[in-house]
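Accompanying notes for the structure given below.
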Amino acid sequence: MKSLTVAAIQTHPVFGDMKKNLAVALELVPRKCDLAVLPELFSTGYQFTSRADAVGLAENLREEPAAGSVCRALTEAAAESGTTIVAGLAEKDGDRLFNSSVLFRPDGSREIYRKVHLFLDEKSIFDPGDLGFPVFEACGTTIGMMICFDWIFPEAARSLALAGAEIICHPSNLLLPWCQAAMITRCQENMVHAITSNRVGTENRTGTALTFSGRSQVVSRVGERLAGLDKDETGAATATLTLIEKDKLFTPRNDLWQDRRPESYRS
Ligand code: ACM
């Protein structure tokens, strides 16, 4: 059976200080780690005052070679460390703007997910993701990404699991307190591992203070919280995930995929 060392990195970004936010986050990635997940919008901060404000800090993530400073640095960090890194970044693509998560492989390649379910004022800043919920081969397994508020739509994790994800990487900037408990259920109902990487601290750039809820965690495919952090600390929650690929046997007589009855469900 294969196993992977993974880490949920919890940071306290300073809005707009991309250089510092990047350096602090990379410093927290443990040595000898197969997969590290950084929070949503970890390099920029979260509370943009307008779309133009966000465009000013966003990077084009599809250029080859990577041109944006954060995208380039994460590409290099993955190559130098041998760690697959997943990180939340603001992405500009022409005149479109996405709240994205990027998977950086040690071989220099990268993959993108664009947040489908935008939360609250994100709807005034970003375009909704247009790539669906793809999965990718990385660090010897199949990985899917979702971002923060995607958690409240069970279809997100379900789509990734049905597409073959064994691990869900979940960069977050959580404000509400319910996600961490819900992710235990998401893992159990799909028999997938999940790494939720949240941030801490407060931002108030608009007159509405936002306090982020921390409590990053690594949850196993049977719903055990293998590692976690508190609501106001920074650091890395590190765990070993055992990969049991293509096994959806929940009880000796219940295979979660074979027992589904799609003809009885509404979409
Ligand atoms: C969120 O989706 N950042 C709450």
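All values reported here derive from a predicted model rather than from experimental measurement. Start at 1 and go down the list; that is how both ligands and their atoms are numbered.
A donor-acceptor pair shorter than 3.5 Å can be found between the side chains of E137 and T142.
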Could you tell me, for ligand 1, which of its N or O atoms are under 3.5 Å from any protein N or O, listing the pairs and their distances rounded to 0.1 Å?
from     : atom 1 : to   : atom 2 : distance (Å)
ligand 1 : 2 (O)  : K115 : NZ     : 2.7
ligand 1 : 2 (O)  : F149 : N      : 3.1
ligand 1 : 3 (N)  : E40  : OE1    : 3.0
ligand 1 : 3 (N)  : E122 : OE2    : 3.3
ligand 1 : 3 (N)  : N173 : O      : 3.3

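The residues R158 and E189 are annotated as not salt-bridged, no charged nitrogen and carboxylate oxygen being separated by less than 4.0 angstrom.
Not one N or O on the side chain of E203 forms a donor-acceptor pair closer than 3.5 Å with the backbone of G45.
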For residues 260-267, which side-chain donor-acceptor pairs fall under 3.5 Å, sequence neighbours excluded?
from : atom 1 : to   : atom 2 : distance (Å)
R261 : NH1    : Q258 : O      : 3.4
Y265 : OH     : R261 : N      : 2.9

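For the pair V102/L74, no side-chain contact is recorded, criterion being any heavy-atom separation below 4.5 Å from C-beta on.
The structure places SG of C71 at 7.5 Å from CD1 of I112, a figure rounded to the nearest 0.5 Å.
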